[in-house]
Amino acid sequence: MVLSEIIIIPEGDVVAFTFFIGYMAMMAASVFFFFERSQVDAKWKTSLLVSGLITFIAAVHYYYMKDYYLSTGENPTSLRYIDWTLTVPLMAVEFYLLTKAAGAKLNLLWKLIVAAVWMLVFGYIGEAFNPEGGDTTHSVIYGVISTLGYVYILYTAWFGEVAQLAKNSDNAKVKQGVRVLAWFVLVGWAIYPIGYMCMPGGWLNVALGWGPQNVDLFYNIADAINKIGFGLVVYGIAINSSNKS
Ligand SMILES: *C/C=C(C)/C=C/C=C(C)/C=C/C1=C(C)CCCC1(C)C
């Protein structure tokens, strides 16, 4: 019989620590969102289901990412981007579900998903194929192309269709909630490019000497804020506009 190795957190390894905490937090959040579905009106149950799926998918990826990081000491780039490619479109679904009652059409959802996939595919190319030796050209070019997708989503949430629909919504909670989610996209999502720039040769790596382990540190912090926080905002809207006790 082969006993699997015991995985421990090396003392002082902050990144490993955030992988473990991230895993547990995503798990706990999923349980919370799934159970709380029974407390909201029927029309909000899908939104809570999606919140729970986002954190659950992340929890499974964190389970594998922490092992990958502990056994190789490297960034689990592929796992990270698979996670995001599933969860960021689900966040677009949250925007769509919130604004649907105010008239959102399916093509809004598709535009957000295409922008998200654009952002992530080019980000992945920038990160996974970053040449060794500190040449910045590659990561800058793909980082900029990726940012176009990000800016599109940001624009849609603040001024474009999502913002307009929320404005027309007759539910004050939806109005407020969409505004809060737009802040998440502006501030919470902006943490990711900061992590990206800590890659070898990245601007923050070169200018401030922030090493590549900070890529995961920023991504883990950002994921906790954005996935759990975003879900809690949706939960807040749902519970406050439900008639159930
Ligand atoms: C749950 C995961 C989320 C919300 C992931 C969001 C990821 C981003 C907003 C990533 C953005 C990037 C850029 C804007 C440029 C550099 C490359 C990325 C992919 C890190």
Side-chain angles (χ1 to χ4, degrees), residues 18-19 22-23 25-27 29-30 33 50-65 75-96 112-130 136-158 162 180-205 210 212 214-234:
T18 56
F19 271 119
Y23 169 56
M26 296 290 179
M27 240 349 166
S30 312
F33 293 133
V50 175
S51 290
L53 285 176
I54 290 170
T55 50
F56 185 71
I57 292 169
V60 175
H61 283 84
Y62 269 76
Y63 179 80
Y64 289 105
M65 286 197 290
N75 307 337
T77 306
S78 302
L79 282 165
R80 180 77 75 182
Y81 277 86
I82 295 169
D83 172 338
W84 290 351
T85 308
L86 297 167
T87 51
V88 179
L90 284 173
M91 293 180 155
V93 171
E94 297 277 38
F95 274 120
Y96 168 72
L112 289 173
I113 291 179
V114 168
V117 171
W118 171 287
M119 172 179 92
L120 296 172
V121 165
F122 289 109
Y124 179 74
I125 297 172
E127 219 170 300
F129 305 109
N130 190 40
T136 36
T137 322
H138 176 88
S139 67
V140 170
I141 290 176
Y142 286 99
V144 168
I145 301 176
S146 164
T147 302
L148 297 175
Y150 173 48
V151 170
Y152 179 85
I153 299 174
L154 197 56
Y155 177 84
T156 309
W158 276 89
V162 168
V180 176
L181 293 183
W183 274 105
F184 270 92
V185 177
L186 179 65
V187 180
W189 289 26
I191 303 170
Y192 296 99
I194 296 176
Y196 180 90
M197 289 187 274
C198 294
M199 263 193 288
W203 287 348
L204 294 176
N205 175 248
W210 291 359
N214 290 299
V215 176
D216 281 311
L217 187 61
F218 281 113
Y219 288 172
N220 290 352
I221 293 170
D223 272 357
I225 294 173
N226 291 301
K227 293 185 164 62
I228 300 173
F230 207 88
L232 285 174
V233 172
V234 173

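Atoms within each ligand, like the ligands themselves, are counted from 1 in listed order.
- For D83, no heavy-atom contact with ligand 1 is shorter than 4.0 Å.
- Ring geometry for W189 against Y150 counts as parallel: the plane angle stays under 30°, on a 0 to 90° scale with 60° as the upper cut.
- Here the protein heavy atom with the shortest distance to atom 13 (C) of ligand 1 is S146 OG, 3.5 Å.
- The heavy atom nearest to atom 17 (C) of ligand 1, considering only Y196, F218, F122, is found in Y196.
- For ligand 1, the atoms sitting less than 4.0 Å from at least one non-hydrogen atom of T87 are 1 (C), numbered in the order shown with element in parentheses.
- Contact record, G126 with Y196: CA-OH, 3.4 Å, taken as the closest heavy-atom pair.
- Under a 4.0 angstrom heavy-atom cut-off, G143 registers as being in contact with ligand 1.
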Practice prompt. Could you check Y219 against Y81 for ring pair (Phe, Tyr, Trp, His ring centres under 6.0 Å), going step by step and ending with a plain yes or no?
Written response: CA-CA 11 Å; Y219 288 172; Y81 277 86; 7.1 Å; no

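- Between W203 and W210, the ring centre distance reaches or exceeds 6.0 Å.
- The local environment of OH in Y96 is crowded, with over 12 non-hydrogen atoms from other residues, nucleotides or ligands closer than 6.0 Å.
- Counting heavy atoms from C-beta outward, F95 and V185 have side chains that approach closer than 4.5 Å.
- Using a 4.0 Å cut-off between heavy atoms, M91 contacts ligand 1 through its side chain alone, with no backbone atom that close.
- By the salt bridge (Lys or Arg N to Asp or Glu O under 4.0 Å) test, D216 is found to be paired with R80, residues two or more places apart in sequence or in another chain being considered.
- Atom 1 (C) of ligand 1 has K227 NZ, 1.4 Å as its closest protein atom, hydrogens excluded (heavy atom only).
- Here F230 has no heavy atoms under 4.0 Å from ligand 1, in either its backbone or its side chain.
- For ligand 1, the atoms sitting less than 4.0 Å from at least one non-hydrogen atom of T147 are 14 (C), 15 (C), numbered in the order shown with element in parentheses.
- Interface atoms of ligand 1 facing P193, defined by a heavy-atom separation under 4.0 Å, are 13 (C), 14 (C).
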